[in-house]
Colleague: 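I have a structure I would like to understand better, so I am pasting it below and will then ask my questions one at a time.
Each ligand, and each atom within it, is numbered from 1 in the order the structure gives. Everything numeric in this text was worked out from a predicted model, so none of it was measured.
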Amino acid sequence: MKGNSGIMENFLISLVVPCYNEEMSAAAFTKRSVEVLEKIGQKYEIIFVNDGSRDNTLEVLKNLKNSYSGIRVVNLSRNFGKEAAMTAGIELSLGDVVIPIDADLQHPPELIEEFISKWKDGYDVVLAKRTTRVNESLPKKISARFFYRLQSKISEVDIPEDVGDFRLMSRKVVNALKKLPENQRFMKGLFAWVGFKSITIDYEVANREMGTTAFNGWKLWNFALDGITSFSTVPLRVWFYIGAFVALVAFLFGCSIILGTLIYGVDMPGYASMMTVVLFLGGVQLIGIGVLGEYLGRVYMESKQRPTYIIEGEY
Ligand code: UDP
Ligand code: MG
């Protein structure tokens with residue numbers, strides 16, 4: 001028996017769709033996805049996770065559930081963020097394969113067919129990689145690139161570049177994910193951390209059909225910090241080396257002052273250089289403390305052991 005062929009004949013597909021203010025996209029998304037899923041001809045469930053939307057998303061989703069079979073609507077008690085909403089959906093999913101996908105149709109559901117065929121070839125993870133970032137601004141492109149570079153340099157698991165949450169995972173992978181207890185979940189990193197045999201396929205990211213993106217610059221910055229600090233302690237350890245380097249330079253500088261005084265006997269007035277050194281080192285120390293604070297904050301949040309999300313109800 002090769003790969004996943006044992007359950008190839010008869011399996012359940014789970015789509016996990018986090019929704020925040022998606023009243024305008026939900027219907028179009030459902031229509032297109034259902035078409036694709038019907039064509040594949042297997043059992044399926046579409047799990048919508050309403051992440052505390054401020055618009056009518058929940059009502060729209062409930063109506064969709066009445067008009068289509070195979071829809072589950074999970075309502076979170078407030079907005080917990082996309083990572084938490086996705087976690088909720090993945091944990092509740094029953095499928096042999098689980099596919100997180102955005103509600104705004106930026107992830108083409110048509111790719112699901114190819115996902116499934118790769119899974120049948122024996123891959124446990126099928127990643128969809130954006131070939132172009134046509135619709136994104138230059139700063140966003142540059143910062144995304146910088147993030148992936150830095151991330152892969154300083155942590156032991158590489159997050160594949162330009163791969164989002166849109167992917168297929170086999171039941172094995174989902175079970176592994178469910179074992180990770182942390183409640184601050186940087187999903188892209190966790191997906192990469194669990195490993196398994198994976199393959200990447202390319203796709204073109206579409207324009208957001210309706211509504212607006214919930215991720216602005218500040219949110220993305222914090223998201224990037226999450227990505228770095230959840231998977232690497234390098235930012236903590238680097239201070240030892242910075243400190244050692246500065247101490248060495250200070251020592252050499254001290255030697256040169258002593259020598260200079262012995263040889264030339266001049267006592268230099270050094271107000272400007274003193275100020276510079278004091279301010280520079282003060283700044284460096286504050287940054288170091290800031291980084292410590294960042295990690296300490298994470299330890300604090302994790303130590304509370306609060307759940308990642310709270311479900312208000314399932315409809
Ligand atoms: N989303 C969510 N909770 C949030 C923000 C976003 O569930 O707090 C969902 C949103 O409904 C969409 C997906 O996450 O299905 C991606 O969001 P968006 O399109 O705003 O992000 P972008 O495509 O710009 O990265
Ligand atoms: Mg989007």
Side-chain angles (χ1 to χ4, degrees), residues 14-33 46-61 64 71-93 98-109 111-112 127-141 143-145 147-148 159 161-167 183-191 203-224 226-227 308-312:
S14 298
L15 295 197
V16 171
V17 197
C19 294
Y20 178 63
N21 297 346
E22 300 286 4
E23 61 177 6
M24 300 206 282
S25 314
F29 169 84
T30 310
K31 186 165 175 288
R32 239 173 93 183
S33 309
I46 304 180
I47 306 175
F48 285 106
V49 183
N50 178 38
D51 184 18
S53 299
R54 284 163 207 282
D55 63 3
N56 256 331
T57 302
L58 185 60
E59 294 311 311
V60 172
L61 293 177
L64 283 169
I71 291 192
R72 292 166 66 187
V73 179
V74 178
N75 189 36
L76 300 188
S77 60
R78 64 170 170 85
N79 178 256
F80 282 90
K82 184 185 176 188
E83 310 298 296
M86 216 163 26
T87 305
I90 290 172
E91 286 180 355
L92 290 168
S93 69
V98 177
I99 303 171
I101 180 169
D102 284 0
D104 56 9
L105 286 171
Q106 284 191 288
H107 298 157
L111 223 61
I112 293 171
L127 305 168
K129 183 181 161 95
R130 301 181 274 266
T131 45
T132 44
R133 287 176 164 250
V134 269
N135 314 309
E136 291 182 354
S137 63
L138 192 63
K140 195 170 173 186
K141 277 187 214 170
S143 53
R145 160 136 305 188
F147 167 76
Y148 286 113
I159 296 177
E161 187 162 350
D162 287 341
V163 169
D165 301 314
F166 188 30
R167 62 184 63 216
N183 53 26
Q184 297 162 65
R185 302 181 81 82
F186 183 73
M187 293 309 281
K188 275 198 239 187
L190 298 183
F191 289 149
Y203 80 106
E204 292 228 357
V205 74
N207 271 319
R208 203 180 215 288
E209 300 248 317
M210 279 146 203
T212 50
T213 173
F215 290 89
N216 55 28
W218 180 243
K219 259 196 170 173
L220 282 174
W221 162 252
N222 283 311
F223 191 54
D226 272 358
T308 310
Y309 54 83
I310 304 239
I311 293 174
E312 180 272 327

Colleague: Measure the distance from atom 15 (O) of ligand 1 to every protein heavy atom, then report the residue, atom name and distance (to 0.1 Å) of the closest one.
Modeller: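 The protein heavy atom lying closest is Pro18 O, 2.8 Å.
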Colleague: Heavy atom under 4.0 Å from ligand 1: found in Val49's side chain, backbone, both, or neither?
Modeller: neither
Colleague: Which protein non-hydrogen atom lies closest to atom 14 (O) of ligand 1, naming both residue and atom, and how far is it?
Modeller: Lys82 CD, 3.2 Å
Colleague: Please state which protein non-hydrogen atom is closest to atom 24 (O) of ligand 1 and give its distance, to 0.1 Å?
Modeller: Thr213 OG1, 2.6 Å
Colleague: Think Arg78 forms a cation-pi with Phe80, using NZ or CZ under 6.0 Å from the six-ring centre and within 45 degrees of its axis?
Modeller: yes
Colleague: Note the single closest protein heavy atom to atom 5 (C) of ligand 1, along with its residue, its atom name and the distance in Å.
Modeller: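 Answer, as residue, atom name and distance: Ala214 CB, 3.7 Å.
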Colleague: Answer yes or no: is there a side-chain heavy-atom contact under 4.5 Å between Ile47 and Leu15?
Modeller: no
Colleague: Which residue and non-hydrogen atom of the protein lie closest to atom 6 (C) of ligand 1, and at what distance in Å?
Modeller: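 Heavy-atom neighbour on the protein nearest atom 6 (C) of ligand 1: Tyr20 CB, 3.9 Å.
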Colleague: List ligand 1 atoms under 4.0 Å from Cys19, heavy atoms only on the residue side.
Modeller: 7 (O), 11 (O)
Colleague: How about Phe186 and Phe223: are their ring centres within less than 6.0 Å of each other?
Modeller: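 Between Phe186 and Phe223, the centre distance is under 6.0 Å.
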Colleague: Count, excluding waters, the protein N, O or S atoms that are closer to the Mg ion (ligand 2) than 2.8 Å.
Modeller: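 That number is 2, waters not included.
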Colleague: Look at atom 19 (O) of ligand 1 and say which protein heavy atom is nearest, naming residue and atom and giving the distance to 0.1 Å.
Modeller: Asp104 OD2, 2.6 Å
Colleague: Report, in ascending order of atom number, the atoms of ligand 1 lying under 4.0 Å from any heavy atom of Asp102.
Modeller: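 Those qualifying, in numeric order: 13 (C), 15 (O), 16 (C), 23 (O).
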Colleague: Looking only at heavy atoms, what is the nearest atom pair of Ser53 and Asn21, with distance?
Modeller: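 That would be OG-N, 2.9 Å.
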Colleague: Does Gln106 approach ligand 1 within less than 4.0 angstrom via side chain, backbone, both or neither, non-hydrogen atoms only?
Modeller: side chain
Colleague: Indicate yes or no: at least one non-hydrogen side-chain atom of Leu58 is less than 4.5 angstrom from one of Val73.
Modeller: yes
Colleague: Search all heavy atoms of Glu22 against all heavy atoms of Thr57 and return the closest pair with its distance.
Modeller: N-OG1, 3.0 Å
Colleague: For the residue pair Leu111 and Ala128, what are the closest heavy atoms and their distance?
Modeller: CD2-CB, 3.8 Å
Colleague: For the residue pair Phe29 and Phe48, does the interplanar ring angle fall in the parallel (under 30°), tilted (30 to 60°) or perpendicular (over 60°) class?
Modeller: perpendicular
Colleague: Which atoms of ligand 1 are found less than 4.0 Å from any heavy atom of Ala103?
Modeller: 15 (O)
Colleague: Check Tyr203 against Pro108 and note the closest heavy-atom contact, atom names and distance.
Modeller: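 Result for this residue pair: CD1-CD, 3.5 Å.
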Colleague: Do Lys82 and Asp102 meet the salt-bridge criterion of a basic N to acidic O distance under 4.0 Å?
Modeller: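 So Asp102 pairs with Lys82 through a salt bridge.
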Colleague: Taking C-beta and beyond as the side chain, do Gln106 and Phe166 meet within less than 4.5 Å on heavy atoms?
Modeller: no
Colleague: Please name all residues satisfying side-chain contact (heavy atoms from CB on, under 4.5 Å) with Lys31, sequence neighbours left out, ordered by chain then number.
Modeller: Glu35, Tyr68
Colleague: Name the closest protein heavy atom to atom 11 (O) of ligand 1, giving the residue it belongs to and the distance to 0.1 Å.
Modeller: Glu22 OE2, 2.6 Å
Colleague: For atom 21 (O) of ligand 1, what is the nearest protein heavy atom, given as residue, atom name and distance?
Modeller: Phe215 CD1, 3.2 Å
Colleague: Let me confirm one number: the CE-CD distance from Met187 to Glu83, rounded to the nearest 0.5 Å.
Modeller: 7.0 Å
Colleague: Only heavy atoms of Asp51, strictly under 4.0 Å: list the atoms of ligand 1 that pass.
Modeller: 2 (C), 3 (N), 4 (C), 7 (O), 8 (O)
